[in-house]
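In this text the structure is predicted, and so the values were computed from the model without any measurement.
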Amino acid sequence: MKQKGAMFVLQADISGTYTTLAAMRSTSMTINSETVEVTDKAFLFRELLENAGISSVSVKSSGVCSDDASYEFIKTKVLIGAVVDCKLLSNTGEIYAGAFLFTSLESSGEFNKEELFNLTIESANTTSIIDNEFLLLEDGGFFLLEDGGRIVLEAA
C-alpha cells in the first residue's frame, strides 16, 4: 500500500480545553503489544496468550512549536515528568487519544531559520484510536481540519 506520509498535530488538555501545541513535520509512531508465552512440554510450537501483554504507543516527532507558550508547556512537562491528556490528529482521519508522558525534548536552530524541536512522548495509560471521519489538509502553512459541520483553520 502506497500513501503519502502521515502528518500529525499534537493537542494537549490545558485547563479542560484541547490546545494545539505543535504540527509535526516528521513523525515516527510505534504501537507495541508485548507477548505472554504459555508454552508447555505438550506443544511443539510456541503458544501465546491472547490479550495478555502490555500495549504501548511511542511517538517521536520533530517540527515547529505553535508559539512560545506551547514550547514552554512542553519543556515544563518534560522537566517535571508530567503525564498529559493528549490527542494526536492524523491526516489519515484517525485520532490517537490518551495520557502521554513527555519524555524527551531537543531544540535546534540555524542562523536566520526557524527553531526546530524533537519531542518523544510515551503512552502512560490506555490509548484509544478514534476514526473521526475528518480530513487534515496542509495549505500554505495552515492546517484545515474538516469535521462535517465544523471547519477550523489554524497556523501550522
Here the gap from L88 atom CG to E94 atom CD, rounded to the nearest 0.5 Å, amounts to 11.0 Å

- request: Take V59 and T120 through the side chain to side chain contact (heavy atoms under 4.5 Å, CB included) test and state the conclusion after the steps.
  value: CA-CA 6 Å; V59 178; T120 302; over 6 Å; no

Verify side chain to side chain contact (heavy atoms under 4.5 Å, CB included) between M29 and V57, making sure each step is shown before the conclusion. CA-CA 7 Å; M29 178 185 294; V57 175; 4.1 Å; yes

Here the gap from L48 atom CG to E34 atom CD, rounded to the nearest 0.5 Å, amounts to 12.5 Å

**Study point:** Residues, nucleotides or ligands: over 12 heavy atoms within 6.0 Å of L79 CG
**Key:** yes

Q: Indicate yes or no: at least one non-hydrogen side-chain atom of C86 is less than 4.5 angstrom from one of Y96.
A: no

Taking every heavy atom of A99 against every heavy atom of V83, the minimum-distance pair comes out as CB-CG1, 3.5 Å

Is there a donor-acceptor pair under 3.5 Å between the side chain of T39 and the backbone N or O of E47? yes

Output for pair (I31 CD1, S55 OG), nearest 0.5 Å, gives 9.5 Å

| query | Tell me, do F73 and L21 make a side-chain contact under 4.5 Å, heavy atoms counted? | reply | yes

Taken to the nearest 0.5 Å, the spacing of K75 NZ from S70 OG works out to 13.0 Å

Donor-acceptor pair between T103 and E122 side chains, under 3.5 angstrom = no

CZ (F117) and OG (S104) are apart, to the nearest 0.5 Å, by 11.5 Å

Distance col, row D85:CG vs Q11:CD, nearest 0.5 angstrom, shows 12.5 Å

Surrounding CD of E110 (heavy atoms of other residues, nucleotides or ligands, distance under 6.0 Å), is the total greater than 12? no

If you define the side chain from C-beta out and look only at heavy atoms, does anything of T20 sit under 4.5 Å from L10?
no

Any R46 side-chain heavy atom under 4.5 Å of E37 side chain:
yes

When L116, L119, N118 are each screened for side chain to side chain contact (heavy atoms under 4.5 Å, CB included) with S62, the one that passes is N118

(request) Check whether the side chains of Y71 and S107 place a donor and an acceptor atom closer than 3.5 Å, and report yes or no. (result) yes

*asked:* Tell me whether T127 contacts the main-chain N or O of S123 through its side chain, where contact means a donor paired with an acceptor under 3.5 Å.
replied: no

Open item on the list: Is the terminal nitrogen or CZ of K87 (NZ for Lys, CZ for Arg) located under 6.0 angstrom from the six-membered ring centre of Y18 and within 45° of that ring's axis?
Closed with: yes

Of all heavy-atom pairs linking L101 and A82, the shortest is CD1-O, 3.3 Å

